[in-house]
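Below: the structure, in structure tokens.
One-based numbering, in listed order, for ligands and for the atoms of each. Everything quoted here is computed from the prediction, not taken from an experiment.
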Amino acid sequence: MKNISSFFDLAIKSINALSPYQPGKPIDELERELGLIDIVKLASNENPQGPSERVQLAIKKAISDTALYPDGSGFHLKKALSIKLKTTVESITLGNGSNDVLDLIARAFLGPGREAVYSEYAFVVYSIATQSVSATARVAKALDKNSAQPYGHDLSAMRQLVNDQTRVVFIANPNNPTGTWIDPTELKAFIASVPRDVIIVVDEAYCEYLDVDHYQNTIDWLELYPNLILTRTFSKAYGLAGLRIGYSLSHPDIADLLNRVRQPFNVNSLGLVAAEAALADDAYIARSRVLNNEGLKQLEAGFDELGLSYIPSVGNFISVDVGSQALEIYDHLLKEGVIVRPIAAYKMPDHLRVSVGLKLENEKFLIALKKVLLNV
Ligand SMILES: *Cc1c(COP(=O)(O)O)cnc(C)c1O
């Protein structure tokens, strides 16, 4: 009989070496730990508006069906997506959050001896997905912190890492936690420059927040580049993080392959109806965008006043440089009832990532930050 510690030796080597994802601290947990009330959570890039009325109504209607398995094909949601996005049903793969879709991509295209390319400071799930299937990660140096897109993806550095073993390139646009974005012309040139047998994943988790200056309808590119996969989510602008729904758009053959490794019921029935209702609610998205732009300006003005530098963001969050005491500042903010996100796990130990909240939430955070900075 082996002793317990040897279970780590029994595990797949790359799994043993894996660091688990560190989520934002839940409000409930902080309540329990410190006995606080009126906590503001600006830690997971959730939509501060909460779910729309329409969504809540759709969920209420569907509650009585929860003894039944969900529609594993996601028929109605896929149909609604295909109409809204002017694409085919066959190009859509639904996931338990887009995180699930990223995992499906890794399982279908990566594995031992295969390589994935992504950037330093890129969304951490790319590294977890790569490592969990024992593939090799090639991590490209990011853009300089004094460039126009500090800590952002350097596409030419990424391109240089693509070789015969590369099967997947992960690109986040905009990227989390940096909030940086990629010029559409440069992105298109990059995609065109990569061999057709390399899958390029463009993760567009925050695309609904982009204004006309930054938005590119990449769906049009799917025809040109069959090796392109776009991933999107209902967790951010659509306000459904708790229901876990995301999707990808790709060549139908890629969708077919992803479907083979997908759990038969990976998306739940409340999530399906909620997403369909959310998709139809253009006013909610428009409000989210306005609220987000105002909130970003409010946070930037607050940081300017405190003399803090930040990474210009086009997402619903912003990473601010608070110096080497970032973790201590994070802890003190918790005591003030404000949860933000340390990003030391991203090798950005001096930054805290702050999600854009409602006006009063942003205000509470800025007041708490000012107080904390005076005391560390
Ligand atoms: C939040 C996020 C996701 C996905 O989250 P899901 O809730 O799993 O859809 C994907 N990519 C990036 C860059 C994100 O920040």
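For E46, the side chain to side chain donor-acceptor pair (under 3.5 Å) partners are K41, not counting sequence neighbours. Take F365 and apply the ring pair (Phe, Tyr, Trp, His ring centres under 6.0 Å) test, not counting sequence neighbours, and it matches no residue.
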Return all side-chain donor-acceptor pairs below 3.5 angstrom for residues 7-18, not counting sequence neighbours, or 'none' if the list is empty.
residue, atom, partner, partner atom, Å
S14, OG, Q131, O, 2.8
S14, OG, S134, OG, 2.8
N16, ND2, F8, O, 2.6

Please give the N or O to N or O pairs under 3.5 Å between ligand 1 and the protein, distances rounded to 0.1 Å.
residue, atom, partner, partner atom, Å
ligand 1, 7 (O), S235, OG, 2.5
ligand 1, 7 (O), R244, NH1, 2.8
ligand 1, 7 (O), R244, NH2, 3.2
ligand 1, 8 (O), S98, N, 3.2
ligand 1, 8 (O), N99, N, 3.0
ligand 1, 8 (O), R244, NH2, 2.8
ligand 1, 9 (O), S98, N, 2.7
ligand 1, 9 (O), S98, OG, 2.9
ligand 1, 9 (O), T233, OG1, 2.5
ligand 1, 9 (O), S235, OG, 3.4
ligand 1, 11 (N), D203, OD1, 3.2
ligand 1, 11 (N), D203, OD2, 2.6
ligand 1, 15 (O), N176, ND2, 2.7
ligand 1, 15 (O), Y206, OH, 2.6
ligand 1, 15 (O), K236, NZ, 3.2

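The 12-atom threshold is not exceeded at NZ of K297, counting heavy atoms of other residues, nucleotides or ligands nearer than 6.0 Å.
Salt bridge E208/R232: absent, no basic N to carboxylate O contact under 4.0 Å. Checked for salt-bridge contact, E115 and R167 miss the test: no charged N lies under 4.0 Å from a carboxylate O.
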